[in-house]
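Everything numeric in this text was worked out from a predicted model, so none of it was measured. Numbers restart at 1 for each chain; the letters A, B, ... are given by sequence-line order, proteins then strands.
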Amino acid sequence: MPEETLPKTYDPVGTEARWQQAWERSGAFHPDPEAPGEPYSVVIPPPNVTGSLHMGHAFNTALIDTIVRFQRLQGKNVLCLPGTDHASIAVQTILEKQIKAEGGSREDLGRDAFLERAWAWKAESGGTIVGQLRRLGYSVDWQRERFTLDPGLNRAVVEAFVRLHEQGLIYRGEYLVNWCPASGSAVSDLEVEMKEVDGHLWHLRYPLADGAAGDGSDHLVVATTRPETLLGDTGVAVNPHDGRYAHLVGRMIALPLTGRRIPIVADAHVDPAFGTGCVKVTPAHDPNDFAIGQRHGLAQITVMAKDGTMNEQAGRFAGLDRFEARQAVVAAMEAEGLLVKTEPHRHSVPFSDRGKVPVEPLLSTQWFVKTEPLAARCRQALERGEPRFVPERWSKVYRDWLTDIRDWCISRQLWWGHRIPAWFVVSETGGEITNATPYVVATNAAEARAKAEARYGEAITGRPLQLEQDPDVLDTWFSSGLWPFSTLGWPGEGGAAGGSEAEPADLARWYPTSVLVTGFDIIFFWVARMTMMAGAFLQEAETPTGGRDSWIPFRDVYIHGLVRDENNRKMSKSAGNGIDPLLLIERYGADALRFALVREVAGAGQDIRLDYDRQSDTSATVEAARNFATKLWNATRFALMNLGGETPGSLGEPDRAHLQLADRWIQSRLARLNRDTAERFGSYALGEAAKGLYEFAWNEVCDWYLELIKRRLQDPAQQRTARAVLAKVLNDLLVMLHPLMPHLTEELWHGLTGEAAGTFLALQPWPELDQAALNESLEASFAELIEAIRVVRNLRAVAGLKPSQPAPVQFVTNRAALTQLLQEATADITALTRAECVEVLDSTAADAARTGQRALAGVCGELQVLLPIEGLVDLDALRGRLEKDLAKAAKEIKGLAGRLANPSFTGKAPPEVVAECRANLAEAESQAELARKRLADLG
RNA sequence: GGGCGAUUAGCUCAGAGGUAGAGCACUACCUUGACACGGUAGGAGUCACUGGUUCGAUUCCAGUAUCGCCCACCA
């Protein structure tokens, strides 16, 4: 045994850190755009700088890194670009909460101090996240790390805003938006989550204004879940075909509590079957009412302030919180005898994702992106199959969302984010920003001033020019939407004013990216926004000859599932059921965690469930992966102890003339694995790839091949061939496993090959496929041999032989090929079954030899296995085994014979299936016959 | 109200038109110089239900049920 050997178990923590540092220091993952090799690029979904990473990030990372490491082994020029997202509203919410806890407010702090604090937060949280990504062994280019709020990306955001505005795709206007009173900002439709809430349906009496109608009725009853909006009602609507109210359409209502006269209108939106069939219309506080109001020219009266309290339009209710006002209005109506009834009512209420409070539809002046033209381009691209979704079904989700899309409100009344590049000419409106204030959009203040000067300058208007930048910032997803090209250098040095000529090298080389890997939960938020943005800015680069073949920012979109907890619940911060990836990394190693996560992945993008014990912070799933790492470690350790200091390189190709059955078998299996694994990695079947490698390594290499060559490795006359095959198998296995378990394989590969520390497995080529080694019939024969050995072992176990006790083994078969196989493998069988001796006989020879002899006997296929020993064996157990064999054969015979007896089967089924069926029947019959005979012998 | 997924061994999940597999857990034996984070052998499933297509379905189709997710303006 060599002096130098590995410890018995693998300690991942130190090893992983060592390789992470080595990779990064060497610039192994810092690609040169000019380098040869087909470009392959991935921009990672930038985690929000809202704290630390959760298991979902670890999962996403494991998938992406597996893919890019595989592509690197394929010789591609791979860029994997990391970064983080400023997460405007999420971060601001966290900070405001902190500040509030300290007894202050952001207004007290002021914008500059607040932003300073936000940047400090970013530094800390971003640092934590980047540290965690490193600990996973992410093979990204840290030199190209980006942050959505860094100066380069800010240039891209400003450029994008300016260009969209020039194209008429950004506009400003007063519309009903989703207002989040908690964050004091507008939010987009996507940031609103509908929640089922137990509320009430209040039936309120609305008197007619000008006396009773012809039929004597003097009022209508409306049903509402939001009585407080009564104060802003400007109409009542009924269905035009509702006979009950037809005669009242056009009459006026005297709105209670306000004395306002409002009309009764007929609108098809009203469902006569719901409630009373009468709907109060509050255009300034409800999207449907807004639409009804538009159709009938109703006034819009806003009765609520931005903080969720009632405003001066609410009269005596002014100043009340909206929920207090609800109760107060109901009470007032009741006092006036106008509350008809109150019913419990379960309904959906829009909540703000971040603020966790109900959003308020509110009329507000905001910036919007006109989405339909952008969406149309994306839909057209999708018709051409771009991008390709994996699994395909998500393309439908994506397309449906791009159809009937609504405009995107992009302005946020926040501070942390990209400031909107619009300057108001406040000198035109008395120093105030109002809805009437003209504005200019420009890339910077100087340009804005120049533009404004030309239109509103003193020379023209006679007033001194006064500009003020819009205080609002952009929706985070506006900058995230540019991520696949802003990170690659778009729009280049030129910017809007300069008119960029040359594309940045990274953009030219790596755009469009190869694949986007992300969860389905952000298809709308992110994927669709990226394609829409790309459609606005990258189309001009599309050229029929040369250039890029598509403006769509990614060729493939691989959508994966969510990681769920041990109870199959979605992990979330609020539910407190997250599992800290670092805890598992510390315990089992990053490779084990990665392998466990990837191995769980099914082809269809299903959610995965991670097994976890919260008492002990252990996970059986990850532990199994760690055990696999240890198994690989020990297999390599065994190899190092037996290669006599040689390496795969020094041993070279094994001498074909000396290859034994086991060698040819493992080489065939290896070639098959190579082919299948490359195919699986290449088609995002990562879980299958992982399982295939696991089974090969454990069940074929460790369980059989290593056991089979142990004797030869000790024999100087035979060891060279066995060493060469072993070294090659292990080497290739480590390369193929590298995308999944990068650190362990890097470590073991260096041990095996003796390569210098500065040479990396990560940058090696994928093993060449040895097509000639593939041998299906040999694999089939070998499977028979394995089966024969299993039967011997089983017999020994059933008969209660001690593992250490040698026993003679006889095989009986009349098939020449099988006879030859068993004879060739006699030494192997001897070693693996503790055989005293191994004989292969035909049935006549066996009958002759067996006279009067009691033997342990079993059958497998057409092979009889005999252990002719006398003495203390458990005959009952043996009888049981044979009876089981017999029952199994009988059942098979019944099924097969039944099928063959059916003329439509023999007539219509493919001939080869019928033939196979006949062969199986024959085999089962002979097996049954053998079993019966042996049973009879036992007496 | 639409759409999508899931339903297979105790648990977590693969799978393929020809009568079921893995990991973990379980049982028995084994500290045999790679590995007890291990080895050998073993037990365990009418593949949710009902129809249909087919010579044959757990695998394809339709419907049902249960669970989960997404979208949607019924006040």
Taking the minimum atom-to-atom distance to the side chain of [X], which one of [options] wins?
{"X": "A:R637", "options": "B:C55, B:G23, B:C35", "answer": "B:C35"}
{"X": "A:R599", "options": "B:C69, B:C55, B:A22", "answer": "B:A22"}
{"X": "A:E600", "options": "B:C55, B:U12, B:A22", "answer": "B:U12"}
{"X": "A:K396", "options": "B:A34, B:G3, B:A41", "answer": "B:G3"}
{"X": "A:M641", "options": "B:G38, B:G33, B:C55", "answer": "B:G33"}
{"X": "A:F274", "options": "B:G39, B:C74, B:C35", "answer": "B:C74"}
{"X": "A:R406", "options": "B:G18, B:A72, B:A34", "answer": "B:A72"}
{"X": "A:P803", "options": "B:C30, B:G38, B:C24", "answer": "B:C30"}
{"X": "A:E707", "options": "B:G18, B:A41, B:C35", "answer": "B:C35"}

Indicate, with a heavy-atom threshold strictly under 4.0 Å, whether [X] touches base, sugar-phosphate, or nothing.
{"X": "A:R226", "value": "nothing"}
{"X": "A:P7", "value": "nothing"}
{"X": "A:K884", "value": "sugar-phosphate"}
{"X": "A:R609", "value": "sugar-phosphate"}
{"X": "A:V281", "value": "nothing"}
{"X": "A:F524", "value": "sugar-phosphate"}
{"X": "A:L610", "value": "nothing"}
{"X": "A:L726", "value": "nothing"}
{"X": "A:W698", "value": "sugar-phosphate"}
{"X": "A:K710", "value": "base"}
{"X": "A:C917", "value": "nothing"}
{"X": "A:N902", "value": "sugar-phosphate"}
{"X": "A:D703", "value": "sugar-phosphate"}

Just N and O in the side chain of A:R793: are any of them under 4.0 Å from OP1 or OP2 of B:A41?
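Result: yes.
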
Does the ring of A:Y588 carry A:R626 above it, NZ/CZ under 6.0 angstrom from centre and within 45° of its axis?
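Ring-cation test returns no.
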
Can A:D233 and A:Y206 be counted as having a side-chain donor-acceptor contact under 3.5 angstrom?
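Side chains of A:D233 and A:Y206: pair found under 3.5 Å.
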
Measure the distance from [atom1] on [X] to [atom2] on [N] and round it to the nearest whole Å.
{"X": "A:F520", "N": "B:C71", "atom1": "CZ", "atom2": "P", "value": "10 Å"}
{"X": "A:L632", "N": "B:C35", "atom1": "CG", "atom2": "P", "value": "15 Å"}
{"X": "A:K691", "N": "B:G15", "atom1": "NZ", "atom2": "C1'", "value": "9 Å"}
{"X": "A:N920", "N": "B:U19", "atom1": "CG", "atom2": "P", "value": "8 Å"}
{"X": "A:D521", "N": "B:C71", "atom1": "CG", "atom2": "P", "value": "10 Å"}
{"X": "A:D565", "N": "B:C11", "atom1": "CG", "atom2": "C1'", "value": "15 Å"}
{"X": "A:N794", "N": "B:G42", "atom1": "CG", "atom2": "P", "value": "5 Å"}
{"X": "A:D267", "N": "B:C73", "atom1": "CG", "atom2": "P", "value": "16 Å"}

Pair partner, [N] [Watson-Crick or wobble, under 3.5 Å]:
{"N": "B:G17", "result": "none"}
{"N": "B:A62", "result": "B:U50"}
{"N": "B:G33", "result": "none"}
{"N": "B:C4", "result": "B:G68"}
{"N": "B:C24", "result": "B:G10"}

Does [X] come within less than 4.0 Å of [Y], counting only side-chain N to carboxylate O?
{"X": "A:R587", "Y": "A:D617", "answer": "no"}
{"X": "A:K341", "Y": "A:E343", "answer": "yes"}
{"X": "A:E600", "Y": "A:R564", "answer": "no"}
{"X": "A:K888", "Y": "A:D885", "answer": "no"}

In whole Å, measure the gap between the [atom1] atoms of [N] and [M] for me.
{"N": "B:U64", "M": "B:G5", "atom1": "P", "answer": "16 Å"}
{"N": "B:G23", "M": "B:C71", "atom1": "C1'", "answer": "37 Å"}
{"N": "B:G42", "M": "B:G21", "atom1": "P", "answer": "14 Å"}
{"N": "B:C4", "M": "B:A62", "atom1": "P", "answer": "10 Å"}
{"N": "B:G68", "M": "B:U59", "atom1": "P", "answer": "25 Å"}

Establish whether the base of [N] is bridged to the side chain of [X] by a donor-acceptor pair shorter than 3.5 Å.
{"X": "A:T630", "N": "B:C37", "result": "yes"}
{"X": "A:R626", "N": "B:C37", "result": "yes"}
{"X": "A:K8", "N": "B:A34", "result": "no"}
{"X": "A:H269", "N": "B:C74", "result": "no"}

Using heavy-atom distances to pick each residue's nearest nucleotide on RNA chain B, tell me which of A:N627 and A:I789 is more 5'.
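Result: A:N627.
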
How do A:N634 and A:T621 order along RNA chain B: which one's closest nucleotide is nearer the 5' end?
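Between the two, 5'-proximity favours A:T621.
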
Hey, does A:L632 have a side-chain heavy atom less than 4.5 Å from the side chain of A:M741?
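Yes, side chains in contact.
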
Kindly indicate, with the supporting measurements, whether the criterion ring-ring contact (aromatic ring centres under 6.0 Å, His included) is fulfilled by A:W698 and A:Y694.
CA-CA 6 Å; A:W698 203 311; A:Y694 179 98; 5.5 Å; yes

Enclosure of A:D715 CG (heavy-atom neighbours >12, cutoff 6.0 Å):
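More than 12 within 6.0 Å, yes.
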
